[in-house]
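Read through the structure below, which is laid out as structure tokens, and then see the notes.
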Amino acid sequence: MRYWLMKSEPSKFSLDNLLALPGQTTAWDGVRNYQARNFMWKQMHVGDLAFFYHSCCAQPGIAGIVEVTRSAYPDVTQFDPESRFYDAKASRDNPRWFNVEITLKEKTRLLTIKELRQYSELARMRVLQTGNRLSITPVDPDEWKFILKILQA
DNA sequence: GCCAACGTTGGC
DNA sequence: GCCAACGTTGGC
């Protein structure tokens, strides 16, 4: 079982958007970065947990906890010419992009990046490094537990 | 809106 | 295979 952090821009897809979906489940599609894809494709398993992180907004931070409920399969948006995620070089026989499905586990209070930066225990988190643009990053189990403690306090 | 940092593209 | 140019991301 692994822990992750998954970024989303709330103006495009927020935690409340997920909350409103039937089954509170969504395909994490549209990822077009090989490193993030490989995390989903090769390392994510059903039962893994992830922080849902709001980026590129007035109050960036962790907004909730989600669970991986389906392992990676081809991202359907790559085959759709109407989609902004369409990839002409991908085919159904040879897909390039994969996504998992995630389900909301818990909506938490907004734990802002400003607050996360205050803890030296979290200083090594990828999401706190300047220039980090990777939308899916692994979270160390100790960091995961530490953040849960903050949320429960 | 700014700007730094990163990933990708494409010419060579 | 290199690397400059470009587009995108993301915090402030």
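Chain naming here is simple, since letters A, B, ... match the order of the sequence lines and numbering starts at 1 in each. All values below come from the heavy atoms of this structure, side chains included, with hydrogens, waters and symmetry mates left out. Note that the structure is predicted; figures quoted are calculated from it, not measured.
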Would you list the atom pairs, donor with acceptor, under 3.5 Å between side chains in residues 52-65 of chain A and any protein atom, with sequence neighbours excluded?
{"unit_1": "A/H54", "atom_1": "NE2", "unit_2": "A/L15", "atom_2": "N", "d": "3.0"}

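- With hydrogens and angles disregarded, a donor-acceptor distance shorter than 3.5 Å links the side chain of A/K7 to the backbone of A/L134.
- Residue whose closest nucleotide on DNA chain B sits further toward the 5' end, between A/K89 and A/G131: A/G131.
- Counted within 6.0 Å of CZ on A/R124, heavy atoms from surrounding residues, nucleotides or ligands total 12 or fewer; the atom is thus considered open.
- Take A/K107 and apply the side chain to side chain donor-acceptor pair (under 3.5 Å) test, not counting sequence neighbours, and it matches A/D16.
- Judged by distance alone, with hydrogens and angles left aside, the side-chain atoms of A/R2 form no donor-acceptor pair with the main-chain N or O of A/P138 at under 3.5 Å.
- Read 5' to 3', the first and last nucleotides of DNA chain C with an atom closer than 4.0 Å to a heavy atom of chain A are C/dG7 to C/dC12.
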